[in-house]
2 protein chains.
Amino acid sequence: MSSSSQKRGRNPATVGGDLRVALTRISRRLRAERGEADLPEGQFGILTVLHKHGEMSPGSLAEHERVRPPSMTRAVNTLAELGLVEKVEHATDRRQVVVRLTPAGAREVAETRRRRDAWLTKQLSTLTGEEREILAGASELLIRIAAR
Amino acid sequence: MSSSSQKRGRNPATVGGDLRVALTRISRRLRAERGEADLPEGQFGILTVLHKHGEMSPGSLAEHERVRPPSMTRAVNTLAELGLVEKVEHATDRRQVVVRLTPAGAREVAETRRRRDAWLTKQLSTLTGEEREILAGASELLIRIAAR
DNA sequence: CACGTACCGTTAGCCGTGCTAATGATCTAG
DNA sequence: CTAGATCATTAGCACGGCTAACGGTACGTG
């Protein structure tokens, strides 16, 4: 009862410490719940970005995903080998590369989304609406903080 | 404006998707903010567990951190090489090993805690009390979910 | 025009940290 | 005493971050 009783005027450092613990715990749990057939988190993330925003250069992808270019190059190559994206040349700037979702990639996004999120969705279903609201709010805050 | 306008009756799947994005973003950000001198997240986590709960077997540590035993063995060995923990033999069961924080390890916990959390604490300081409340609540929820 | 500089992507190679499978040592039940 | 359970470890794989260094391309300026 010690953590939920004192609610007002939270100390930023304390919240930060708790948040860190929570993040590592849930991350490990989610990783453990990933099925054999599911794409690794990072790779799937790239597909969803392409699905949402359309074709994009590796550099933009890297920036969007807050990753260094070499990391993105490798991830994109893996996806290309799987036939989920294709790399085509840029129309006017030959330094650049355009990464594009293939039909198979688009299918993968749709199919995997359901499968992959099954466990988490199920857990969230058991929460109250208010609790889900807290997590939704936290998501927005965390994304905002990460973007600074 | 599409994500913050509709607030009631959140769909678990939607919350899950957003949450996933938020988790990967903030995790990468935190990793990027880690200083040269700071211990990697996982290793530091082990030190804090030992600091909080006292000496412990690798198996218990693994369970506590939701990791498989081989992962813990390796992490503990790294910490032992750094002189931050020591491995001593169990009093009665010679299969077991007892992992214990060294004085240097205890020092490391105290010192690193401040340094390592500087960035996150600073970010949280700029939030409103209500927003920090949301993150504190979310931390509890996530830890609960991870423990299932 | 040519040259230097800036930019983009890639290659090479490092590290941390998760996993499974298999081994060795020890303990314990029968 | 033997068989099986339990604990830690070793070996080896995957994933996904990173930096440093490099090659090709574009572009501004002399």
Side-chain angles (χ1 to χ4, degrees), chain A residues 23-47 55-82 85 87-99 116 146, chain B residues 23-47 55-82 84-99 116 146:
Chain A
L23 292 175
T24 55
R25 295 269 173 86
I26 193 69
S27 296
R28 288 206 266 246
R29 191 69 162 96
L30 284 171
R31 182 189 295 215
E33 284 303 326
R34 213 190 80 221
E36 286 274 335
D38 297 337
L39 280 177
E41 183 58 27
Q43 290 172 30
F44 183 70
I46 296 170
L47 293 190
E55 61 186 32
M56 209 180 282
S57 75
S60 310
L61 273 174
E63 201 178 340
H64 193 280
E65 292 290 89
R66 293 206 140 267
V67 154
R68 299 292 178 186
S71 306
M72 189 50 68
T73 289
R74 185 175 40 189
V76 165
N77 283 343
T78 302
L79 291 173
E81 277 164 26
L82 295 173
V85 304
K87 298 162 80 171
V88 304
E89 51 187 27
H90 191 279
T92 63
D93 186 342
R94 293 200 300 170
R95 287 171 307 181
Q96 293 192 46
V97 170
V98 174
V99 183
R116 186 197 68 153
Chain B
L23 293 175
T24 55
R25 295 272 173 86
I26 193 69
S27 296
R28 289 206 266 246
R29 191 69 161 97
L30 285 171
R31 182 189 294 214
E33 284 301 327
R34 213 190 80 222
E36 286 275 335
D38 297 336
L39 280 178
E41 184 58 28
Q43 291 172 30
F44 183 70
I46 296 170
L47 293 190
E55 61 186 32
M56 209 180 282
S57 76
S60 310
L61 274 174
E63 199 177 340
H64 192 281
E65 291 290 89
R66 294 204 139 268
V67 154
R68 299 292 179 186
S71 306
M72 188 51 67
T73 290
R74 184 174 42 190
V76 165
N77 282 343
T78 302
L79 291 173
E81 276 163 26
L82 295 173
L84 302 177
V85 304
E86 55 185 354
K87 298 162 78 171
V88 304
E89 52 187 27
H90 190 279
T92 63
D93 185 342
R94 292 198 302 168
R95 288 171 307 179
Q96 292 192 47
V97 171
V98 174
V99 183
R116 188 197 66 153

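Chain naming here is simple, since letters A, B, ... match the order of the sequence lines and numbering starts at 1 in each. The basis for the numbers below is simple: all heavy atoms, side chains too, and nothing from hydrogens, waters or symmetry mates.
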Novice: For C:dT26, does the base pair up with any side-chain atom of B:R94 as donor and acceptor (N or O, under 3.5 Å, distance only)?
Specialist: no
Novice: Categorize B:T92 for me: base, sugar-phosphate, or nothing, with a 4.0 angstrom heavy-atom threshold over every strand shown.
Specialist: sugar-phosphate
Novice: May I ask you to verify if any side-chain N or O of A:S71 is less than 4.0 angstrom from the OP1 or OP2 atom of D:dC18?
Specialist: yes
Novice: What is the separation between atom CE on B:M56 and atom P on D:dA8, rounded to the nearest whole Å?
Specialist: 12 Å
Novice: Kindly say if B:K87 contacts the phosphate of D:dC7, meaning a side-chain N or O under 4.0 Å from OP1 or OP2.
Specialist: no
Novice: Judged by atom type as modelled, is there a donor-acceptor pair below 3.5 Å linking the side chain of A:R34 to the main-chain atoms of A:E41?
Specialist: no
Novice: Contact class for A:P70 (heavy atom, under 4.0 Å): base, sugar-phosphate, or nothing?
Specialist: base
Novice: Send over the distance from B:E65 CD to C:dG16 C1', rounded to a whole Å.
Specialist: 15 Å
Novice: Name the nucleic acid region contacted by B:P40, choosing base, sugar-phosphate or nothing; use a 4.0 angstrom heavy-atom cut-off, strictly under.
Specialist: sugar-phosphate
Novice: Between P on C:dG16 and CD1 on B:I46, what's the gap in Å once rounded to a whole number?
Specialist: 13 Å
Novice: Please determine whether any donor N or O and acceptor N or O are separated by less than 3.5 Å between the side chain of A:R95 and the base of C:dC7.
Specialist: yes
Novice: Does A:D93 or A:Q43 map to a spot on DNA chain D nearer the 5' end, using the closest nucleotide for each?
Specialist: A:Q43
Novice: Taking all heavy atoms of B:M72 and all of B:P58, pick out the closest pair and write down the distance.
Specialist: CG-O, 3.5 Å
Novice: So A:S57, base contact, sugar-phosphate only, or nothing? Heavy-atom distance under 4.0 Å.
Specialist: sugar-phosphate
Novice: My understanding is that only one of B:L84, B:L82, B:V85 makes a side chain to side chain contact (heavy atoms under 4.5 Å, CB included) with B:Q43; could you say which?
Specialist: B:L82
Novice: How many whole angstroms separate atom CD of B:E36 from atom P of C:dC15?
Specialist: 13 Å
Novice: Please give, in whole Å, the distance from C:dT17 P to B:R66 CZ?
Specialist: 19 Å
Novice: Taking the nucleotide of DNA chain C with the closest heavy atom to each, which residue, A:A32 or A:G59, is nearer the 5' end?
Specialist: A:G59
Novice: Nearest whole Å is fine: how far is C:dC7 P from A:E63 CD?
Specialist: 13 Å
Novice: How close do A:S27 and B:S27 get, counting heavy atoms only, and between which atoms?
Specialist: OG-OG, 4.1 Å
Novice: Can you find a donor-acceptor pair, distance only, under 3.5 Å between B:R74 side chain and C:dG18 base?
Specialist: yes
Novice: Answer yes or no: is there a side-chain heavy-atom contact under 4.5 Å between A:T24 and B:R66?
Specialist: no
Novice: For B:Q96 and C:dT28, what is the distance between atoms CD and C1' respectively, to the nearest whole Å?
Specialist: 14 Å
Novice: When you measure from the side-chain N and O atoms of B:R31 to the phosphate of D:dC18, is any distance below 4.0 Å, counting only OP1 and OP2?
Specialist: no
Novice: Specify the separation, in whole Å, of atom CG of B:N77 and atom P of C:dT17.
Specialist: 14 Å
Novice: Roughly how far, to the nearest 0.5 Å, is CE of A:M56 from CD1 of A:I46?
Specialist: 11.0 Å
Novice: Nearest to the side chain of B:V67 - C:dC19, C:dT10, D:dA8?
Specialist: C:dC19
